[in-house]
Amino acid sequence: MTATNNKKKTSLYDLGYNPIIDKIRQQKKLEAWEIGRVTAEHKERYSVKNENGEYESEIIGNLRFTVQNRLDFPAVGDWVTISGYDDSKALIHHILYRKNALKRQAVGKKGETQIIATNVDYAFIVEAVNRDFSINRFERYLAICYDANIEPVLILNKIDLLLETELNELVKKVKKRIPKVLLVLTSCNNEKGLLKIQKLIQKGKTYCFLGSSGVGKSSLINLISKNSYMKTGEISYSTDRGKHVTSHRELIVLEQGGILIDNPGMREVGVTDVKKGLENSFELITELSSKCKYKNCSHEHEKGCAVLLALQEGKIDNESYTNYLKMEKERKHFQYTEAEKRQQGKKMSKMIKQYKKGKKMGE
Ligand SMILES: Nc1nc2c(ncn2[C@@H]2O[C@H](COP(=O)(O)OP(=O)(O)OP(=O)(O)O)[C@@H](O)[C@H]2O)c(=O)[nH]1
Ligand SMILES: [Zn+2]
């Protein structure tokens, strides 16, 4: 007899579980644990989903004690082990699987990293054609995606707001600077564009939407998920004082297969130490760098700089070059600040240890 229940249960595989994660679960000897995927985070409280439902979760004290830095805390997209302590609540014990993490510099915290999402296969980088459209920003997102081994897709949204000639002009500019990345043109009433995005989405793969606030990410997600998202978008967390707060669910499973991650719009996308990301985003500059006279060439003023030569000959786009230099400086600054902070942290813990030792001896 076949079940007639038309409300299909979400399986772990619908959420992106696969044989690789299964193998790691075995290797780590965590098969006995119930597992799930983090769908939202709100001030160290997490929503974790699996085939039995969605749990409001916290990390166990032990895990909190052993984490060395912010990056060791769970993030949206992570696979975690959980134990339930009532119908809707659970405790997170381990991060089971994190193949990659999309990162940016934490806003207002120099040298600190913030995770945007983890276990992401593709990124949909959205910009609206009207609101401070910028190819520099596209390149910035590309750098953070490539750094995390995430395949990017550029989405030019709200094309209804431009005349065809204006749009063609814009597309030409984008393609000239970023020739190798797939570019999709769409708007919320453009069936062709929406279908194109839908066709890119495969079962079991995770897609993260990136872009500034107001570019139309949520509208696109609603249309792609046929509005099921809006109805189920809000989740509720109880705080320490028992008060309930609602938060935005960030990871959703599509009925037709595929997992989407939405993010609150980002005003700033500071890069971390994205060496690999920059190398992959600016292939030509990277290739030419090996031909520069000096190994540590900054490509700004050195004699025998192959990048500057190519720039003079018009082989490299001037704005792309300037954007590259800006991000390379940002990257180096991040690297330096992070190292300095780590050093300070070490000094501090040494001082605390010595202080405790001294106290013991004096007892
Ligand atoms: N003209 C036009 N307006 C759109 C389109 N898509 C969305 N909008 C409008 O743009 C505004 C922002 O859309 P959202 O979908 O909320 O944008 P968002 O990127 O999710 O914004 P955040 O949630 O702040 O990150 C809304 O007023 C939408 O109605 C479009 O294709 N064309
Ligand atoms: Zn050079």
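Just follow the structure's listing: the first ligand is 1, and inside any ligand the first atom is 1. Start at 1 with the first residue, then count along the sequence.
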Hey, are E328 and K332 close enough for a salt bridge, meaning a charged N less than 4.0 Å from a carboxylate O? yes

Taking only non-hydrogen atoms of L161 and a 4.0 Å limit, the atoms of ligand 1 in range are 1 (N)

Beyond-backbone contact of K180 with E283, side-chain heavy atoms, under 4.5 angstrom: yes

The angle formed at the Zn ion (ligand 2) by SG of C297 and SG of C305 is about (to 10 degrees) 110°

Which atom of H299 is nearest the Zn ion (ligand 2), counting N, O or S only? It is ND1

G214 touching ligand 1 at heavy-atom level, < 4.0 angstrom: yes

Can you check whether K217 has an N/O within less than 3.5 Å of an N/O in ligand 1? yes

Using a strict threshold of under 4.0 Å (side-chain N to carboxylate O), is an ion pair present between E151 and K205? no

Taking the basic N atoms (NZ, or NE/NH1/NH2) and the acidic carboxylate oxygens, is any pair closer than 4.0 Å for R70 and E44? yes

Short N-O contact, R25 and E31, less than 4.0 angstrom: no

For S218, the ligand 1 atoms whose distance to one of its heavy atoms is below 4.0 Å: 15 (O), 18 (P), 20 (O), 23 (O)

The atoms of ligand 1 lying under 4.0 Å from a heavy atom of D160, numbered in the order shown, are 1 (N), 2 (C), 30 (C), 31 (O), 32 (N)

Which ligand 1 atoms does S187 reach within 4.0 Å, using its non-hydrogen atoms? 31 (O)

Is D147 salt-bridged to R104, going by a charged N under 4.0 Å from an acidic O? no

